[in-house]
Amino acid sequence: MSTLKIYNTLTKTMEEFIPGGVKKNRIEDYPEVSIYSCGPTVYNFAHIGNFRTFTFNDMLRRYLKFRGYKVNHTLNLTDVDDKTINGAKAENKSLKEYTDRFIEFFKEDLKTLNFDEFEHYPRATESIPEMADIIDRLEKNGFTYEKDNSIYFSIAKWDHYGQLSELDKREIQTGTRYDTDEYEKDDIRDFVLWKAPKSEDEPQWEINQGSGRPGWHIECSAMIRKIYGTTIDIHTGGVDLIFPHHENEIAQSEAAYGEKFVRYWMHVKHLFVEGAKMSKSKGTFYTIRDLVEKGYSPRSIRYLLFSAHYRKQLNFTLAGLDSIKQPLARIDNFVARLKLTAEGCSSDDEIVSASGKFISSFIETMDDDLNISGALGNLFDYIHEINSIIDQTGITENGSRLVYDTLKKADSVFGFIFFNDSKDTNTDIDAERIEKMIAERKEAKAAKNFAAADSIRDALLSEGIILEDGKDGTTWKRK
RNA sequence: GGCGUCGUACCCAAGUGGUAAGGGACAGGUCUGCAAAACCUUUAUUCAGCGGUUCAAAUCCGCUCGACGCCUCCA
């Protein structure tokens with residue numbers, strides 16, 4: 001059996017995944033896997049690009065669970081920064097009131113896309129004491145300085161700075177305006193831990209160093225400390241966060257506590273929409289809601305977001321979303337076929353071996369840094385193989401059940417094979433009337449009155465109902 | 001300017017030294033009164049271009065062209 005290997009941004013290499021840092025013989029013997037994922041800033045609806053990253057998080061946790069690891073996963077919610085503060089001010093609401101609403105929307109979106117439930121969804125504003133503790137320790141260890149009542153981290157004092165983003169290899173471009181922040185720093189690359197209020201009515205909290213609000217990076221370090229207490233296994237986020245966000249998290253956490261912050265860093269590449277960067281002016285800044293309103297199913301969105309490897313750029317297009325109806329229909333038809341053909345005569349041996357082969361190839365593929373595209377290939381190979389068997393020899397009820405269970409198992413990772421698309425259930429179509437018309441058509445066909453039969457079919461088609469004649473009678477579906 | 005990534009069929013997309021997965025589209029077939037759907041089969045002598053290393057390269061090295069990322073609190 002293979003072992004899970006993941007690409008670690010910290011070392012720039014593929015590494016065997018060893019939770020807790022100590023190799024065990026069996027997966028069940030490993031301690032709970034601790035994962036922290038940078039979540040959304042809740043000042044607006046999250047867009048499709050955000051959801052690529054979040055979908056990756058969902059896939060990662062689902063696969064770890066599938067593999068037998070115990071998972072303890074955090075997705076944070078940034079509820080205090082310039083954007084949330086300004087947004088609340090603009091609507092004359094309290095920060096909490098304002099962000100509560102978007103957190104709710106965000107969680108609805110997660111549900112819409114069939115996300116697994118994460119263990120924790122902490123808000124930045126709920127970890128102020130932990131932030132204060134980090135700042136106290138940094139101050140005591142001599143890593144901070146104060147300027148205009150804001151507290152900064154001095155990277156000159158921290159020897160290990162730059163390991164994640166390989167800063168030591170870089171030269172800073174001359175003539176670049178490096179920082180336009182209103183806050184003054186000693187070194188342009190220093191970062192703020194605690195911001196002095198710009199105005200009295202701004203949200204602020206009291207800590208030993210004075211009244212203010214958290215800098216961008218401190219919240220993640222604080223929440224990780226609060227929830228996990230010590231070194232965590234995996235930290236994920238979009239590639240844009242490598243520098244400076246994650247670099248600064250490492251600096252402040254390791255300088256404060258003197259122990260390793262994170263074992264494995266995983267970063268998701270950004271997506272393109274219609275071949276270019278998402279852009280509000282081009283109208284390619286989609287939210288999940290936008291797409292659903294346009295009539296695309298959440299299931300297709302999930303599939304598309306899933307389908308490309310997380311470290312490759314994914315080109316998200318509406319045409320691509322459309323074409324996903326086909327593979328999904330193929331999967332659905334396959335599942336339906338399992339139910340229909342449960343009285344075949346094949347020996348189960350072939351089914352058993354094909355199913356076993358599928359699962360082991362699925363594991364081998366996914367163990368290679370979550371190669372989801374390869375795994376999708378495995379899935380369709382399996383469907384193809386079973387379809388062939390059914391065509392040639394049929395399938396027994398036992399065989400059918402085994403295939404069904406195998407799909408269920410794989411779907412604990414995919415999450416789009418058995419997807420409850422609520423859109424299909426709230427129908428206002430009169431099913432009884434349709435069944436009656438189908439019965440009439442059947443009679444017409446029996447009487448060889450094909451003109452009458454076709455006119456019934458056409459009448460329903462004009463209402464958007466498609467009739468399909470199969471071996472076991474006629475079924476209908478919406479266009 | 002510095003650091004880095006990518007370029008595989010009409011489209012999407014795996015494969016990173018052993019002779020091109022998978023999906024969509026297209027085409028042929030089975031089934032059907034016809035159709036649709038479903039299923040089956042077929043589809044890249046070739047991996048941006050050029051040169052090199054090797055018994056062997058899409059995979060390693062060099063150069064060229066093209067797209068992109070970070071170096072600006074953007075997932």
Side-chain angles (χ1 to χ4, degrees), chain A residues 12 37-41 46-57 78 81-83 165-181 188-189 191-192 215-217 236-245 248 267-272 275-278 303-304 307-309 311-317 319-320 322-334 336-337 340 361 365 368 371-384 387-388 390-392 444-446 448-451 453-454 457-458 461 466-471 474-475 477:
Chain A
K12 273 94 197 155
S37 299
C38 284
T41 301
H47 55 69
I48 197 73
N50 294 318
F51 275 101
R52 184 197 192 183
T53 306
F54 304 146
T55 304
F56 164 74
N57 290 322
T78 300
D81 78 322
D82 286 346
K83 287 188 285 262
S165 52
E166 298 189 292
L167 269 196
D168 48 332
K169 278 199 194 168
R170 302 183 184 185
E171 279 172 30
I172 284 142
Q173 183 176 4
T174 51
T176 304
R177 231 178 314 127
Y178 211 74
D179 191 89
T180 50
D181 202 317
I188 45 174
R189 290 176 299 169
F191 57 93
V192 66
W216 178 30
H217 318 295
T236 74
V239 283
D240 56 296
L241 299 180
I242 294 172
F243 185 86
H245 185 51
N248 292 346
H267 291 98
V268 184
K269 202 133 185 175
H270 284 186
L271 60 67
F272 266 21
K277 272 176 101 162
M278 284 187 302
Y303 185 105
L304 183 53
S307 59
H309 185 79
R311 284 193 289 118
K312 280 220 170 170
Q313 198 155 59
L314 167 72
N315 186 14
F316 188 98
T317 65
D322 267 326
S323 71
I324 280 160
K325 283 183 195 154
Q326 287 312 313
L328 288 178
R330 209 171 149 209
I331 289 168
D332 289 344
N333 286 317
F334 178 63
R337 199 175 183 204
L340 285 174
S361 63
T365 308
D368 182 20
N371 182 357
I372 192 71
S373 309
L376 238 26
N378 297 148
L379 173 69
F380 283 103
D381 281 343
Y382 178 58
I383 289 175
H384 177 206
N387 264 325
S388 295
I390 295 174
D391 272 7
Q392 282 161 29
K445 275 172 69 179
K448 305 260 184 229
N449 187 356
F450 297 121
D454 287 350
R457 185 167 65 195
D458 291 344
L461 186 64
I466 297 171
L467 295 190
E468 289 174 2
D469 295 336
K471 277 177 192 153
T474 300
T475 57
K477 66 180 181 188

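In this model, the phosphate group of B:rC74 is approached by a side-chain N or O of A:K83 to a distance below 4.0 Å at OP1 or OP2.
Backbone-only contact: A:G237 has heavy atoms under 4.0 Å from sugar-phosphate atoms and none from a base. Counting non-hydrogen atoms under 4.0 angstrom, A:D322 reaches nothing in the nucleic acid. A:F450 comes within 4.0 angstrom of a base, heavy atoms only. Within 4.0 Å (heavy atoms only), A:F54 reaches no atom of the nucleic acid at all. When heavy atoms are screened at a 4.0 angstrom cut-off, A:H309 is found touching the sugar-phosphate backbone but no base atom. Looking at heavy-atom distances under 4.0 Å, A:D240 makes contact with a base. Base contact: A:K445 has a heavy atom under 4.0 Å from a base atom.
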| query | What would the secondary structure line of RNA chain B be in dot-bracket form, counting Watson-Crick and G-U wobble pairs under 3.5 Å, with [ ] for pairs that cross earlier ones and | for pairs with another strand? | reply | ((((((((.[[[..)..(...]]]..((((.......))))......[[[[[..)....]]]]])))))))....
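With B:rC34, B:rA75, B:rC73 as the choices, the nucleotide that has an atom nearest any side-chain atom of A:P244 turns out to be B:rC73. Minimum atom distance to the side chain of A:R52 is reached by B:rA75, of the listed B:rG23, B:rG69, B:rA75. Which of B:rA75, B:rA13, B:rC34 sits closest to the side chain of A:N50 comes down to B:rA75.
B:rG15 atom C1' lies 12 Å from atom CG of A:N378, rounded to whole Å. The CG-P distance, from A:L271 to B:rA13, rounds to 11 Å in whole Å. As rounded to whole Å, 7 Å separates atom P of B:rA75 from atom CG of A:L241. The distance from atom CD1 of A:I48 to atom P of B:rA75 is 14 Å, rounded to the nearest whole Å. Residue A:H267 contributes atom NE2, which lies 17 Å from atom P of B:rG69 at whole-angstrom precision. In this structure, A:N371 atom CG and B:rG23 atom C1' are separated by 14 Å, rounded to whole Å. Whole-Å rounding puts the A:Q313 CD to B:rC70 P distance at 10 Å. Nucleotide B:rG15 holds its P atom 13 Å from the CG atom of A:L376, rounded to whole Å.
A pairwise comparison of heavy atoms in A:L314 and A:L304 identifies CD2-O, 3.8 Å as the closest pair. In this structure, A:G238 and A:H267 approach most closely via the heavy-atom pair O-CD2, 3.5 Å. What you find for A:H245 and A:W216 is that their closest heavy atoms are CB-CH2, 3.4 Å.
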| Reading nucleotides 36-44 of chain B 5' to 3', which nucleotides get B (base under 4.0 Å from a protein heavy atom), which S (sugar-phosphate only), which -? | BSSSSS---
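The base of B:rA14 lies outside donor-acceptor range of the side chain of A:S373, with no N or O pair under 3.5 Å. Judged by atom type and distance alone, A:D454 reaches the base of B:rG33 through a side-chain donor-acceptor pair under 3.5 Å.
Classified by interplanar angle (parallel below 30°, tilted 30° to 60°, perpendicular above 60°), the ring pair A:F191/A:H217 is perpendicular.
Distance noted for atom P between B:rC40 and B:rA20: 23 Å (whole Å). Of the C1' atoms belonging to B:rA44 and B:rC12, the separation is 15 Å, rounded to the nearest Å. Of the C1' atoms belonging to B:rG18 and B:rG62, the separation is 24 Å, rounded to the nearest Å. With P as the reference atom, B:rG7 and B:rA14 are 9 Å apart, rounded to whole Å. B:rG69 and B:rG23 have their P atoms separated by 32 Å, with the value rounded to a whole Å.
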Return a table of donor-acceptor pairs under 3.5 angstrom between the side chains of residues 371-381 of chain A and protein atoms on other chains or two or more places apart.
| unit_1 | atom_1 | unit_2 | atom_2 | d |
| --- | --- | --- | --- | --- |
| A:N371 | OD1 | A:G374 | N | 3.0 |
| A:S373 | OG | A:S307 | O | 2.7 |
| A:N378 | OD1 | A:T365 | OG1 | 2.8 |

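Interatomic distance, A:R337 CZ to A:R330 CZ, rounded to the nearest 0.5 Å: 10.5 Å.
For A:K269, there are no salt bridge (Lys or Arg N to Asp or Glu O under 4.0 Å) partners, not counting sequence neighbours. Judged as a side-chain hydrogen bond (donor to acceptor under 3.5 Å, both in side chains), and not counting sequence neighbours, the contacts of A:N57 are A:S37, A:T236.
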Which protein N or O atoms sit under 3.5 Å from an N or O of nucleotides 5-9 of chain B?
| unit_1 | atom_1 | unit_2 | atom_2 | d |
| --- | --- | --- | --- | --- |
| B:rU5 | O2' | A:K269 | NZ | 2.8 |

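When each of A:K448 and A:T365 is assigned the nucleotide of RNA chain B with its nearest heavy atom, A:T365 is the one assigned upstream, toward the 5' end.
Taking a 6.0 Å sphere around NZ of A:K12, one finds it holds more than 12 heavy atoms contributed by other residues, nucleotides or ligands.
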